[in-house]
> 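Right, I'll just put the structure down here and ask away after.
This one's a predicted model, so the numbers in the text were calculated from it and none came from an experiment.
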Amino acid sequence: MARKSPERILAEHRDEVQHRIESLQRHLASIVEQATWTTNDDEHDPEGVTIAYERAQTQGLLADAKAELDELDQAAHRIETGTYGQCRRCGKRISKERLEALPAATLCIRCTSARH
């Protein structure tokens, strides 16, 4: 089986993240609308999660997805400049397997392990 090109892998991951962002934005809009139409005191409701908590959680997931999209865009720029797949710490090649799993990776396994 032929491996996918880095460009294709990045494009597929970018599409997935973009869809996640759109879904989270719709969910957040729904939460805000729900809060507008709800008159009960959800902050003191012993039944389940509060609207404020759900909104904060969704905003956090949305921020993470936007950061991931930015990392993928930076990876695409590295492809254009010829530095994609090169560890920014040691300068060695990042394995194809790692880049397939984490296409925005900037460190090889060895340098990632050394950070922890």
Side-chain angles (χ1 to χ4, degrees):
M1 179 197 250
R3 290 187 190 248
K4 294 179 186 177
S5 70
E7 293 87 354
R8 182 169 176 134
I9 293 169
L10 280 173
E12 288 174 358
H13 278 265
R14 193 177 194 293
D15 286 347
E16 290 171 13
V17 173
Q18 188 63 47
H19 287 300
R20 189 173 350 127
I21 287 170
E22 292 166 4
S23 175
L24 288 165
Q25 287 172 330
R26 284 191 303 272
H27 184 62
L28 186 58
S30 170
I31 294 168
V32 171
E33 183 177 352
Q34 179 183 357
T36 302
W37 295 105
T38 302
T39 58
N40 59 355
D41 181 10
D42 74 314
E43 296 301 320
H44 299 93
D45 182 2
E47 303 291 323
V49 178
T50 66
I51 292 173
Y53 175 81
E54 188 177 2
R55 182 178 57 236
Q57 183 182 37
T58 303
Q59 287 171 328
L61 292 170
L62 183 58
D64 289 347
K66 287 180 177 181
E68 186 176 351
L69 186 65
D70 184 54
E71 290 171 2
L72 291 167
D73 288 343
Q74 290 175 30
H77 179 72
R78 289 192 299 276
I79 287 175
E80 292 172 8
T81 62
T83 59
Y84 182 77
Q86 181 179 350
C87 179
R88 70 176 174 171
R89 179 175 285 164
C90 71
K92 294 182 180 176
R93 298 296 304 161
I94 299 172
S95 73
K96 289 181 181 182
E97 294 79 15
R98 178 166 172 76
L99 291 171
E100 286 176 0
L102 300 168
T106 59
L107 297 174
C108 66
I109 289 285
R110 186 173 187 179
C111 288
T112 299
S113 298
R115 288 178 58 190
H116 299 288

> Indicate the atoms forming the closest heavy-atom contact of A75 with P103, along with that distance.
CB-O, 3.8 Å
> Start with the C-alpha distance between E54 and H27, add both sets of side-chain angles, then the distance that settles side chain to side chain donor-acceptor pair (under 3.5 Å), and finish with yes or no.
CA-CA 10 Å; E54 188 177 2; H27 184 62; 3.1 Å; yes
> My understanding is that only residues two or more places apart in sequence, or in another chain, count here; which of them pass side-chain hydrogen bond (donor to acceptor under 3.5 Å, both in side chains) with Q86?
none
> Hey, does the side chain of S30 reach the backbone of R26 with a donor-acceptor pair shorter than 3.5 angstrom?
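Not confirmed, S30 side chain does not pair with R26 backbone.
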> Contact between T83 and R88 at the side-chain level, heavy atoms closer than 4.5 Å - yes or no?
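No - every pair of side-chain heavy atoms lies 4.5 Å or more apart.
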> Could you report the tightest heavy-atom contact between R89 and A114, atom names first, then the distance?
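Of all heavy-atom pairs spanning R89 and A114, the closest is NH1-CB, 4.3 Å.
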> Supply the atom-to-atom distance D73 CG to R14 CZ, rounded to the nearest 0.5 angstrom.
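Going from the CG atom of D73 to the CZ atom of R14 covers 4.0 Å.
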> Can a donor-acceptor pair be found, under 3.5 Å and without considering hydrogens, that links the side chain of R78 to the backbone of A104?
yes
> As a quick check of understanding, evaluate salt bridge (charged side-chain N to carboxylate O under 4.0 Å, His left out) for K96 and E100, giving each step before the final call.
CA-CA 6 Å; K96 289 181 181 182; E100 286 176 0; over 6 Å; no
> Rounded to the nearest 0.5 Å, what's the gap from CD on Q59 to NZ on K66? Could you check?
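Rounded to the nearest 0.5 Å, the CD-NZ separation comes to 10.0 Å.
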> Cluster partners of I21, using ILVMFWY side-chain heavy atoms under 4.5 angstrom, listed by chain and number?
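ILVMFWY cluster around I21 also holds L10, V17, L24, L28, L61, L62, L69, L72, I79, Y84, I94, L99.
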> Look up atom SG in C108 and atom CZ in R110, then write down how far apart they are to the nearest 0.5 Å.
8.0 Å
> Could you tell me whether the side chain of R98 and the main chain of L107 form a donor-acceptor pair under 3.5 Å?
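Yes, the answer is positive, given that a donor and an acceptor are paired below the 3.5 Å cut-off.
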> Flag the pair E71 / H13 as yes when at least one side-chain heavy-atom distance between them is below 4.5 Å, and no otherwise.
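Answer no - side chains too far apart.
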